Every structure is written in structure tokens, then in C-alpha cells.
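In what follows, a single structure is set out as C-alpha cells and then discussed.
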Amino acid sequence: MHILKIQGFDMRTGLTEDLIARVLGAAPKYTLAELEAKFPPRALPDGAMVTRFAPSPTGFMHIGNLYGALIDYKLASQSGGVFMLRIEDTDTKREVSGAVDVVKRAMSDFGLKYNNDEKYGPYYQSQRKDIYHSVAAELLRTGRAYPCFLTANDLEKIRAEQTAAGFGTGVYGEFARDRDITSDEIIRHLDNGEVPTIRLYSTGDPGKRIFCKDAVRGSIGFPESNEDLVLIKSNDGLPTYHFAHLVDDHFMRTTHVVRGEEWLPSLPMHYQLFRMMEWTPPVYIHTATLDKIDAETGKQRKMSKRKDPECNVAFFLQEGWPVESVMEYLGNILASGYEEAKLKGAVKNFWEYEMKPKKIPMSGALFDMKKLEWWAKEYIGAMTVSDLVKSVVTWANEYGDEKQKMQVANQDYLTAVLAIERDNPRRIRKDFITWKQTLGIEEFFFDELFVPNTEYKYNADVLRAFLETFDIADDKDTWWNKIVAIAEKFGVKNGDVAMDLRVALSGRTNTPDLYSIMQVMGKDRVIKRIKAVL
RNA sequence: GGUCCCAUCGUCUAGCGGUUAGGACAUCGGAUUCUCAUUCCGGUAACACGGGUUCGAUUCCCGUUGGGACUGCCA
């Protein structure tokens, strides 16, 4: 084994082209220079950020994914940059069919438009093998990576040994058996039919510290990583996350990498990778995770797929939450000044608000449904009646059940129903939270869904008296004066008369304005429902 | 075990050495209203703890505690 001294480090000698081709399964398609030319730096104005949302297609879009994607999108769009969608489908074992559609659908539903310029594609990592292998070949050629023939069994043994001895686990230093493997040995393994992984020949020294930058946390010091991490997996020849991140974010010319804080511990490795290639690392932004308040215990805990349906973004669509308010809620978490700006009228919506990367919170935020409800109420409260109707109808037709579809079939009637208490902008009802719940509140307007209240003790005399003088053409004052007169005649409160009518008409003790309800229901329906309880 | 991150009302946060520690949601009380909702007024409520540095710490440093992440041929 020849050891070369390069920059003070012991380096491996590189592999020959023939051997590289055998190790990788094929000769590399590109040289580094060719890749640089194929994916040139982007011609973008100063300050333009290039970001990407890079989910692995699990068939499930987590609210945390949406949160991260929103940051990516905002950063790119407000700076005149580019926002990409890259599918990290390097784990063939976990592949789920249709999973990419789930992601794309969510992106489009929540208004996150991405711009995947073909020039920098493909955007599926599974289709970028040539690129990864070409970079890996270069590393193999220069002794900065090596083929490793350790089997799963070997790895398990090493780990057990390390655990027993109290060492950190991993393939590093003396535990990296094949670190200094010779060409002859490689050939022997290859002839034996073994397929290697490609590992980094790490020159990191844990005794030294490396300082990495995070845009919100500042400089963070770590011990250098001496882990010979896997670059290319043996089972499918695809890269690991680390290597794909290095290669893709360099050649896609990503300027800002937004990812969950679970990536913080691998930051030094990524720094070392970029440094080794003499590439400029992107600006990193590690976001805190979204937790939630447990409804039963009132305690804080992480969002879980099993316990929290709302951790799946599809939940918000199915339940008919206004997507804009979900984005406003999320947006206000990542840019806390937004709420105040909106309340002051400085901006109309989150898309207009300029967020500051440095202000992204670094401590975990709790998902607060109550606050989301408030955003939703505010949002719906500010809608015009026709927009409200449109949203409700669209939702019902896509996600609604038969009852809900029936409710939106007659749009004139629905419009009249939803227009109640919306004429005065200062006093708009704010009990609508979701499209689904909105239709639920209004069920009593529909004869097919109306449930008469048989528990309530109606004052039949009062109701009869009302029927005698009832005229649908009365204006509101006339109508009310009649009610006052009836109350006086029977010695009850005005409110009691109103309540008898309210329950007879709606089956409920709480409704919006009674006069409006009667106007919308129409003469016949009013008379019929009152008579029904007499 | 090792490494790293985090810590202001119940929740999300503002604050960047001197503030009556501000706002929003929630909550409580009052006013208005035919109920509910709305709207308007008002209240309760926080700097995790211990050391420093300083004339002065919520703010800077160290430690403790608590919470979290990572320690895979998963991302």
C-alpha cells in the first residue's frame, strides 16, 4: 500500500480507471469539469436565493415538511431566486408508489409553486446516478474515497465491539478495516462477486474542532468527524443522503439549505465534504421541530403520526381548513412579526410579508389548534360572500359526503344562507372555522337535514300568536315590534318569544340573527316548521 | 455513554445591559345584543435555577436542571 502525503494528511493512492469502473459497475460518464460546465452557476441577481424542498417520498406529507417548504418558498420568492422540488428517492427499500403525487398535490394545494429548470435536473435522485458516480469516481481516483467490503454482519460485530468497549459506534480509524485496502485485495473481493460500498476516506481528526455556520444559530463548534461515511450504497448503487446533498446542492447551485434540526449533528461531516471538494457550502438553516399540546394531558409532546391526524397535511384539506390560514399560522411561527404587520394592515397576507432568515425560531414551536382556529376565523371573516360560497362548494364537491354535496347543490340558497350577518364588515360572524364545519352549522336550513327539537318546551300560545301576525314582507323593525307585542300580551320576555321561534325553526338554541333566518328560509318553510311543533 | 441544539405569561413570541418586561391566542370579568357569535372595555398570567462579569442583568460568560436531536449501506 502506497501512502502519499498530501497537505499533511496520509492519503490513499487512487484507483486506476479500470478498477474504478469495476468498483462502480461502469465507467464514470462525466469528469468533474464536465459536470461544472453542464451545471454552471446560475445567472441570478445579487442576493437571489436558490432553495429546495427535498422530501423523501414516504406517501405522507408531514406538517413539518410543509413548514420547511414554506421557508424555502418564501426565501426564494422574496429574493427573486429559485425554489426547487427535489425528490430524495434514494432509499429503494422504503419506496411507496404514488408518494410523489402526494407531495406534488400538497405543494399545489398550499400554493407552493416550484420551478424545476430542466437544465439543472433531473430532480429525482434515483435518476442522477451518473452524476453521483462521476463524483465518486473522482474521489476514488484521488484516494479520497475507497471501496469497502464490510458486510452487514461485519458492521454489526464492529458495533457490538465498540459498544462493549465504550467507544462511539461507526466505521472510523482502526475500525475501518478496508480503509487502506490495496488494489489486489479489491480485485480479489470483486472476483469473489462482492459489491462494495464507497466510503469516504476521512481525514478528520476528532481532536480538532471544526466550526460550522448556521444562519440562525451562528457558529457551532464540533469535533471533526473521522467517520468513513458511506457515499454510495452497495445494494442499489445510490448515494446516501450526505453524498447526495453534497453533489446535488452543489450542482443545482443551491444557496440556502433549509432542513430540520435533526441534521445539525451531521453538519461537520457536510462541511468536511464541501471543503474536501473545494466547493462553497450553502448557507444552512436548521429549523426546530413542530410539537403539539396534548389535548388530554395539556402537556407538550412531539407530533405523532398515530395520535395527531393534523400532523398529516392532507388532514387540513380533508377537513376543509382554509389553506391560506394554515399558511398564515405556519408563516407567523417562522416570521413572528407577520401577525403584527397584518393586524396593522401593513400587509394583506403572508406572501406579501418579507421574512428575515435570522428570525426563524430555533426553539421548538408547539402546534396550537386554537391559534390556527383564530387565523381561520379571521380569514373567513374577511372573505366576500361569493368567495366563501366558492370555497365551500369546491371543498364539498371534492371532499364532502352526500349530505354536504346536497347542501351545495343549490348555490342560490347556499349563498343566502352564508350571507347572513355578513353585511356589516364591523360585525361579521366569526363562527366559521372550516368549510366542513361551516356546512355543519348550517344544516338546519336544509329540510333534508333539519332535526326538529322535541326536547324543548315550546310556548304554543306564543307560537300561534306569531303565526297569526307573521308576514314575510315585514321589515326588521316591524317584525320585531310584533314579537315585543306578543311578549307583552303573554307576559314573557322578548327573548323568550325569540327563543321559541329560534328552536322551532332551527332545532337549536343558538343561531345567527333570527330575522335573517326567516328571510332566507322563506314564508312556507317558516310556517311549516312552526306548525310542526304545535 | 459521547456529541450537539434549545430554555420569557398556559401557547406563539417582542426584547438584543438600565423597560411599569410589550403584543397575539387562550382564559377570566364587564358592556352591547332576541340566543350564539361579533364588537368594545378591563383583569389574571412569564424572564427555569445557581454562580460570575458589570454601577446595573431577561439580555454577556460558566455551571446545574429540564426538554430535544444525532450516534444506520433511513432520510
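Since this is a predicted model, take the numbers as computed values, not measurements. Letters A, B, ... are given to chains in the order of the sequence lines, protein chains preceding strands, and every chain is numbered from 1.
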Which part of the nucleic acid does [X] contact within heavy-atom distance under 4.0 Å: base, sugar-phosphate only, or nothing?
| X | answer |
| --- | --- |
| A:L155 | base |
| A:R217 | sugar-phosphate |
| A:F222 | sugar-phosphate |
| A:I428 | sugar-phosphate |
| A:K476 | base |
| A:P361 | sugar-phosphate |
| A:E227 | nothing |
| A:E88 | sugar-phosphate |
| A:W375 | nothing |
| A:T163 | nothing |
| A:P512 | base |
| A:G260 | nothing |

Item checked: A:L334 CG - B:U13 P separation (whole Å) ->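 In whole Å, B:U13 P and A:L334 CG are 10 Å from each other.
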
Notebook entry, point to check: Separation of A:I483 atom CD1 from B:U35 atom C1', in whole Å?
Noted result: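 To the nearest whole Å, that distance equals 12 Å.
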
[X] side chain near [N] phosphate (N/O to OP1/OP2, under 4.0 Å):
| X | N | result |
| --- | --- | --- |
| A:K233 | B:A75 | yes |
| A:T240 | B:G72 | no |
| A:K430 | B:U39 | yes |
| A:T169 | B:G72 | yes |
| A:S336 | B:A14 | yes |
| A:K493 | B:C34 | no |

Under a 3.5 Å cut-off for both contacts, is [N] paired Watson-Crick or G-U wobble with anything, and if yes, with which nucleotide?
| N | answer |
| --- | --- |
| B:G17 | none |
| B:U53 | none |
| B:C9 | none |
| B:U39 | B:A31 |
| B:C70 | B:G2 |
| B:A48 | B:U64 |
| B:U58 | none |

Check: Has the side chain of A:S234 got a donor or acceptor that lies under 3.5 Å from a partner of the other kind on the base of B:C73?
Finding: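 Check passes, donor-acceptor contact within cut-off.
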
Next item on the list: Assess whether one donor atom and one acceptor atom, taken from the side chain of A:R502 and the base of B:C34, lie less than 3.5 Å apart.
Entry: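 Yes, the side chain and the base share a sub-3.5 Å donor-acceptor pair.
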
Cationic N near anionic O, under 4.0 Å, [X] to [Y]:
| X | Y | answer |
| --- | --- | --- |
| A:D248 | A:R52 | no |
| A:K356 | A:E354 | no |
| A:R464 | A:D461 | yes |

Using a 6.0 Å distance limit plus a 45 degree cone around the ring axis, check whether [X] lies over the aromatic ring of [Y].
| X | Y | result |
| --- | --- | --- |
| A:K342 | A:Y353 | no |
| A:R508 | A:F444 | no |
| A:K377 | A:W374 | no |

Nearest listed nucleotide, side chain of [X], among [options]:
| X | options | value |
| --- | --- | --- |
| A:K359 | B:A14, B:C73, B:A37 | B:A14 |
| A:D368 | B:C25, B:C73, B:A75 | B:C25 |
| A:I333 | B:G72, B:C73, B:U13 | B:U13 |
| A:K370 | B:U11, B:C73, B:C25 | B:C25 |
| A:K93 | B:U11, B:C73, B:C4 | B:C73 |
| A:S363 | B:A37, B:U13, B:C34 | B:U13 |
| A:D91 | B:A75, B:G72, B:U11 | B:A75 |
| A:R427 | B:A75, B:U39, B:G15 | B:U39 |
| A:R209 | B:C4, B:A37, B:C34 | B:C4 |

Checklist line | P spacing across the pair B:G72 / B:G10, given as an integer number of angstrom | finding: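 B:G72 and B:G10 have their P atoms separated by 39 Å.
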
Establish, yes or no, whether a centroid distance under 6.0 Å links the rings of [X] and [Y].
| X | Y | answer |
| --- | --- | --- |
| A:F316 | A:W375 | no |
| A:Y271 | A:F211 | no |
| A:F243 | A:H133 | no |

Next item on the list: Let me know, please, whether A:K377 or A:L343 comes out on the 5' side of the other along RNA chain B by nearest nucleotide.
Entry: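 Looking at the nearest nucleotide for each, A:L343 comes out on the 5' side.
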
Notebook entry, point to check: RNA chain B: A:M499 or A:L150, which has the more 5' nearest nucleotide?
Noted result: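 So the residue in question is A:M499.
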
